[in-house]
Amino acid sequence: MAEIGHGFTTLPRTRPERSNRCLIPKNTDLVVLGGGPGGYAAAFLAADRGVATTLIDAMPKPGGTCLYVGCIPSKTLLHAADLIHAAHDALDFGIKFGKPEIDVSKLRAKGDKVVDMMTASLLKGVKDRGITHIVGRGAFTDANTIQVEGGATVKFKKCIIAVGSIPARLPTFDIGGKRMMDSTAALRIESVPKTLLVVGGGYIGLELGSVYAALGTKVTVVE
C-alpha cells in the first residue's frame, strides 16, 4: 500500500471478491455517514481515487431522501401528471380521449419499481468499487470513532457527514392522522381526495399539488 496524501492509504489494485456487509473493518481511512446523493457521490469519488472507504447508511441500498421519498418518486408522479395533461391537450389536435381512470396501486407500484431499479444500480456501484457498506444509523463516540446502531464500531481517519434531512413537523398539525400528511406520505398516494390544502408553496408543495390536481383533486396552496 502507498500513501496518497492527507493520511489516506491506497487500496491494492486487485481485490478478492467479498461481501461488503460481512467484512466490516475496525479501521478505515474514510467514513461517509449518509448514503444520499451527497454521500454516495463522495464515497464513489474517494474509492475511485484509491481511498479505503466505508459507507454507513440506515437504508439497505444507497439513495437517501432524494431517491427514496423525494426527487425520484415525485418526478415519476409528475410524469404521470404530464401524460394526463397531454391526453387532455390532444383535443386541440382533434384527438379525444375519455376521462382517465386512476389505479393508485399501479401508480405507486411504478414509482416503487423506478426507485428499486435506481437504488440497486447504486448498490452495485458500491460493490464494484470495493466500498464497505454498513447498514445502520451511526453515532460518534469520539472524534475518530463511529458506533453503528446494533452493529460495528468503526475507527476512521476522515469522515464526511452527509445525513440529509427529514420533513419538518409543526406541533399545530397532527401529522400522521387520517387527514394530515407530510410530503413523504403524500408521495404514496393512498387515495385521491376531492380537495387538498397544501401548506407551503415551495417546489415540493407545488410538485405534489400539481400531481394531485392532475389526478382530479381540487388543490389550494397556502404560502
Side-chain angles (χ1 to χ4, degrees), residues 32-41 55-89 99-126 133 135-137 161-223:
V32 180
L33 188 60
Y40 70 72
L55 177 64
I56 301 174
D57 189 60
M59 301 301 289
K61 291 182 284 189
T65 296
C66 176
L67 189 43
Y68 278 98
V69 292
C71 316
I72 302 306
S74 66
K75 299 306 181 289
T76 303
L77 295 177
L78 283 170
H79 179 66
D82 284 342
L83 293 175
I84 295 173
H85 288 307
H88 178 270
D89 294 343
K99 183 178 180 181
E101 296 182 7
I102 310 300
D103 186 329
V104 293
S105 295
K106 285 189 176 180
L107 187 58
R108 286 198 306 272
K110 178 62 176 177
D112 292 342
K113 183 178 180 180
V114 172
V115 169
D116 185 64
M117 176 184 67
M118 297 186 71
T119 54
S121 176
L122 289 174
L123 183 59
K124 182 178 185 301
V126 167
H133 182 213
V135 179
R137 294 186 179 275
I161 303 173
V163 294
S165 63
I166 58 174
R169 291 181 175 268
L170 303 177
T172 50
F173 295 107
D174 180 22
I175 302 296
K178 292 183 178 180
R179 298 175 63 238
M180 297 283 184
M181 301 179 288
D182 59 19
S183 59
T184 300
L187 284 169
R188 294 301 300 166
I189 307 191
E190 298 295 338
S191 62
V192 181
K194 291 183 178 180
T195 60
L196 178 68
L197 175 66
V198 178
V199 180
Y203 71 91
I204 295 175
L206 293 180
E207 282 186 347
L208 287 171
S210 298
V211 169
Y212 276 88
L215 296 178
T217 299
K218 182 180 178 180
V219 178
T220 301
V221 177
V222 176
E223 170 63 24

> Of all heavy-atom pairs between L55 and P62, which one has the smallest distance, and what is that distance?
Replying inline: CD2-CG, 4.2 Å

>> Using every non-hydrogen atom in the two residues, find where H85 and A214 come nearest and quote the distance to one decimal.
In response: NE2-CB, 3.9 Å

>> Can you give me the closest heavy-atom contact between L215 and V192, atom names plus distance?
In response: O-CG1, 3.7 Å

> Can you list every side-chain hydrogen bond (donor to acceptor under 3.5 Å, both in side chains) pair that touches residues 213-222, not counting sequence neighbours?
Replying inline: none

> Closest heavy-atom contact between Y68 and M59?
Replying inline: CE2-CE, 3.6 Å

>> Could you measure the distance from the NZ atom of K110 to the CG atom of D103? Nearest 0.5 Å is fine.
In response: 14.0 Å

> If every non-hydrogen atom of L67 is compared with every non-hydrogen atom of V115, which pair is closest and at what distance?
Replying inline: O-CG2, 3.3 Å

>> Could you report the tightest heavy-atom contact between R137 and A58, atom names first, then the distance?
In response: CG-CB, 3.9 Å

> Using 4.0 Å as the upper bound for N to carboxylate O, is an ion pair formed by D112 and R188?
Replying inline: yes

> After noting the C-alpha distance and the side-chain angles of K61 and D116, does the key distance pass the side-chain contact (heavy atoms from CB on, under 4.5 Å) rule?
Replying inline: CA-CA 9 Å; K61 291 182 284 189; D116 185 64; 2.6 Å; yes

> Within the distance-only criterion (no hydrogens, no angle test), does the side chain of Y212 pair as donor or acceptor with the backbone N or O of A186 below 3.5 angstrom?
Replying inline: yes

> Measuring from E190:CD to S105:OG, what's the distance to the nearest 0.5 Å?
Replying inline: 8.5 Å

> Is there side-chain contact between I204 and L208, with heavy atoms separated by less than 4.5 Å?
Replying inline: yes

> Tell me, do I189 and I102 make a side-chain contact under 4.5 Å, heavy atoms counted?
Replying inline: no

> Is there a donor-acceptor pair under 3.5 Å between the side chain of T65 and the backbone N or O of S165?
Replying inline: yes

Show me the donor-acceptor pairs within less than 3.5 Å that the side chains of residues 71-81 make with the rest of the protein, sequence neighbours left out.
unit_1, atom_1, unit_2, atom_2, d
S74, OG, G70, O, 3.0
S74, OG, C71, O, 2.8
S74, OG, E207, OE1, 3.2
K75, NZ, E207, OE2, 3.0
T76, OG1, I72, O, 2.9

> Please walk me through it: do L196 and M181 pass side-chain contact (heavy atoms from CB on, under 4.5 Å)?
Replying inline: CA-CA 10 Å; L196 178 68; M181 301 179 288; 4.2 Å; yes

